[in-house]
K.L.:
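Take this structure, written in structure tokens, and hold onto it; I'll ask about it next.
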Amino acid sequence: MKQVWITKLGGPEVLEVREAPDPEPGPGQVRVRVQASGINFADILARIGLYPDAPKLPAVVGYEVAGTVDRIGPGTTGVAAGARVVAMTRFGGYSDLVVVPAEQVAVLPAHLSFEKAAAIPVNYLTAWIMLVHLGNVRKGDRVLVHAAAGGVGQAALQICRWRGAEVIGTASASKHERLRALGVAHCIDYTREDFEAAVARITGGAGVDIVIDAVGGKSFRKSYRALAPLGRLYLFGVSSFAPGERRSLIAAARGLLAMPTFRPIPLMNDNRGVHGVNVGHLWREQAKLRAMLTEIVRLCGEHTFDPIAERSFPFEHAGEAHAYIQARKNFGKVVLTPRKES
Ligand SMILES: NC(=O)c1ccc[n+]([C@@H]2O[C@H](COP(=O)([O-])OP(=O)(O)OC[C@H]3O[C@@H](n4cnc5c(N)ncnc54)[C@H](OP(=O)(O)O)[C@@H]3O)[C@@H](O)[C@H]2O)c1
């Protein structure tokens with residue numbers, strides 16, 4: 001099989017395609033011939049050495065794939081060979097063959113492309129956990145979505161639209177027109193305008209009901225202040241720790257120092273909640289993840305959700321794909337494909 005390896009810490013050039021023996025499915029497992037592997041920001045953090053959960057390098061990362069089941073392990077039930085599926089893989093997803101337990105796959109609706117399917121697991125599960133499972137987002141809520149044009153951001157937008165909530169989104173200015181067309185009510189160019197001041201302006205000082213924030217550092221503090229009474233803040237990443245193509249310990253240290261401390265008494269008096277989310281640390285909760293993934297895939301089947309995966313890069317150009325995301329050019333998900341064409 002063909003895999004994309006992070007060979008060592010460094011820039012996008014450290015990604016390399018290597019051959020490895022084909023894996024065989026064991027009891028309860030299936031083998032998926034991969035057509036698209038999702039790239040997540042965490043993969044970039046792993047490459048530059050800012051992702052403590054990543055496997056020791058050299059390693060193959062990748063949390064999700066879509067493709068066709070081509071072999072079934074002994075005693076495996078529930079999925080047939082030939083089924084088009086999406087699979088959750090905790091690492092190893094940058095491969096053209098993966099072996100996973102059958103409970104980590106969901107069968108795809110016929111209309112959904114493999115590229116779109118590979119955009120589902122991490123982005124939609126993360127957004128779903130924050131907005132649906134925990135946040136109870138509902139009609140009339142105002143939700144501040146940071147990096148609204150990113151992978152998780154687009155999933156969050158679609159969930160908010162489905163629930164009838166209004167989205168205020170931060171993004172680079174070049175993405176605003178498209179975000180508005182997709183239903184973002186107010187766009188904030190966070191490079192030009194302080195987002196906390198912008199939220200106060202947009203909401204007439206009332207604040208928002210939910211913020212989802214993976215920027216990290218001082219952004220967490222400002223997001224908390226942007227909440228209305230009964231507001232909920234979900235913390236789920238630290239994109240700002242990675243301002244360049246390589247690791248900057250200074251940026252990471254600055255970000256860590258700028259993180260707020262949340263104390264019980266002020267939280268009570270403010271009537272606000274703060275919650276952390278890390279889907280990678282929910283890996284042992286497969287029954288919960290699977291139930292959520294099944295519901296998300298069902299909603300994709302009904303066209304309620306339409307994952308955006310407009311850029312795919314062949315495995316050989318995986319470095320370009322990472323650089324593309326780090327240059328903030330992506331809109332929605334970026335996927336890798338074992339096929340040669342781009
Ligand atoms: N805790 C969890 O379980 C979990 C799960 C999934 C993702 N995450 C986190 O959520 C965040 C978004 O993940 P994603 O995979 O959907 O990525 P993404 O949002 O598609 O990431 C790229 C986008 O982020 C924005 N951005 C903000 N700061 C950036 C920076 N310093 N460098 C590069 N881009 C930056 C850029 O958009 P603009 O220029 O438009 O702002 C860029 O286009 C990441 O921090 C990720 O680690 C956490």
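Order of appearance sets the numbers: ligands from 1, and atoms from 1 within every ligand.
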K.L.:
Which one of Tyr190, Phe195, Phe236 satisfies the ring-ring contact (aromatic ring centres under 6.0 Å, His included) criterion with His146?
P.N.:
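When ring-ring contact (aromatic ring centres under 6.0 Å, His included) is applied between His146 and each of Tyr190, Phe195, Phe236, only Phe195 qualifies.
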K.L.:
Please list the nearest protein heavy atom to atom 41 (O) of ligand 1 with its residue and the distance rounded to 0.1 Å.
P.N.:
Tyr190 OH, 2.7 Å
K.L.:
I'd like to check which ligand 1 atoms, numbered from 1 as shown, lie under 4.0 Å from a non-hydrogen atom of Val152.
P.N.:
6 (C), 7 (C), 16 (O)
K.L.:
With a heavy-atom distance limit of 4.0 Å, tell me whether Val122 approaches ligand 1 through its side chain, its backbone, both, or neither.
P.N.:
side chain
K.L.:
Just to be sure I'm reading this right: ignoring hydrogens, which of Ala119, Ser239, Ala251 gets closest to atom 44 (C) of ligand 1? Compare them by their nearest heavy atoms.
P.N.:
Ser239
K.L.:
To which of Thr126, Ile39, Val277, Ile325 does the heavy atom nearest atom 1 (N) of ligand 1 belong?
P.N.:
Val277
K.L.:
State whether a side-chain donor-acceptor pair under 3.5 Å links Asn123 with Glu64.
P.N.:
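No.
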K.L.:
Report, in ascending order of atom number, the atoms of ligand 1 lying under 4.0 Å from any heavy atom of Asn278.
P.N.:
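So the answer, numbered in order with elements, is 1 (N), 2 (C), 3 (O).
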K.L.:
So, does Asp213 use its side chain to make a donor-acceptor pair with the main chain of Leu235 at under 3.5 Å?
P.N.:
no
K.L.:
Any idea which protein heavy atom is nearest atom 3 (O) of ligand 1, and the distance to it?
P.N.:
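The closest heavy atom on the protein side is Val279 N, 2.7 Å.
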K.L.:
Checking Asp194 now: which residues fulfil side-chain hydrogen bond (donor to acceptor under 3.5 Å, both in side chains) with it, not counting sequence neighbours?
P.N.:
Lys222
K.L.:
Give me the nearest non-hydrogen protein atom to atom 19 (O) of ligand 1 as residue plus atom name, then the distance to 0.1 Å.
P.N.:
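The protein heavy atom lying closest is Gly150 CA, 3.3 Å.
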K.L.:
Using a 4.0 Å cutoff against the non-hydrogen atoms of Ala214, which atoms of ligand 1 qualify?
P.N.:
9 (C), 10 (O), 11 (C), 45 (O)
K.L.:
Could you list which atoms of ligand 1 come closer than 4.0 Å to a heavy atom of Gly151?
P.N.:
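Reading through ligand 1 atom by atom, the close ones are 16 (O), 18 (P), 19 (O), 20 (O).
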K.L.:
Would you mind finding which of Phe241, Phe331, Phe236 brings a heavy atom closest to atom 9 (C) of ligand 1?
P.N.:
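Of the listed residues, Phe236 has the closest heavy atom.
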K.L.:
Say whether Phe41 and Tyr94 are linked into one hydrophobic cluster, either directly or through other cluster members, by side-chain heavy-atom distances under 4.5 angstrom.
P.N.:
yes
K.L.:
Quick one: look up the protein heavy atom nearest atom 25 (C) of ligand 1 and list residue, atom name and how far away it is.
P.N.:
Ala147 CB, 4.0 Å
K.L.:
Using heavy atoms and a threshold below 4.0 Å, how should the contact between Ala148 and ligand 1 be classified: side chain, backbone, both, or neither?
P.N.:
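For Ala148, no heavy atom sits under 4.0 Å from ligand 1.
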K.L.:
Atom 39 (O) of ligand 1: which protein heavy atom is closest, and how many Å away?
P.N.:
Ser172 OG, 2.4 Å
K.L.:
Check this for me: does any side-chain nitrogen of one of Lys2 and Glu316 sit under 4.0 Å from a carboxylate oxygen of the other?
P.N.:
yes
K.L.:
Please list all pairs meeting ring-ring contact (aromatic ring centres under 6.0 Å, His included) that have one or both residues in residues 95-140, counting only residues at least two apart or in different chains.
P.N.:
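Sorted result for residues 95-140: His111-His303, Tyr124-Phe305, Trp128-Trp162.
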K.L.:
Hey, could you give me the OG1/NE2 distance between Thr337 and His317, rounded to the nearest 0.5 Å?
P.N.:
12.0 Å
K.L.:
Name the one of Val14, Leu57, Val61, Thr7 that satisfies side chain to side chain contact (heavy atoms under 4.5 Å, CB included) with Arg47?
P.N.:
Val14
K.L.:
Is the contact between Ala171 and ligand 1 made by the side chain, the backbone, both, or neither, using heavy atoms and a 4.0 Å cut-off?
P.N.:
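Both backbone and side chain.
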K.L.:
Between Leu45, Thr191, Asn330, flag the one that comes closest to atom 43 (O) of ligand 1 by a heavy atom.
P.N.:
Asn330
K.L.:
Out of Gln158, Lys175, Arg161, which one pairs with Leu182 under the side chain to side chain contact (heavy atoms under 4.5 Å, CB included) rule?
P.N.:
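With Leu182 as partner, side chain to side chain contact (heavy atoms under 4.5 Å, CB included) holds for just one option, Arg161.
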K.L.:
Salt bridge between Glu177 and Arg180, side-chain N to carboxylate O under 4.0 Å?
P.N.:
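So Glu177 does not pair with Arg180 through a salt bridge.
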K.L.:
From atom 37 (O) of ligand 1, work out which of Lys329, Gln154, Lys175, Met130 has a heavy atom at the shortest distance.
P.N.:
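Checking each option, the heavy atom nearest atom 37 (O) of ligand 1 is found in Lys175.
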K.L.:
Using distance alone, determine whether Phe41 and ligand 1 share an N or O pair under 3.5 Å.
P.N.:
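So ligand 1 has an N or O lying under 3.5 Å from an N or O of Phe41.
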K.L.:
Can you tell whether the side chains of Glu115 and Arg339 come within less than 4.0 Å, N to carboxylate O?
P.N.:
yes
K.L.:
Could you check whether any heavy atom of Ala242 sits closer than 4.0 Å to an atom of ligand 1, since that is the contact criterion I want to use?
P.N.:
yes
K.L.:
Among all protein heavy atoms in this structure, tell me which lies nearest to atom 30 (C) of ligand 1, with the distance rounded to 0.1 Å.
P.N.:
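It is Arg328 NH2, 3.1 Å.
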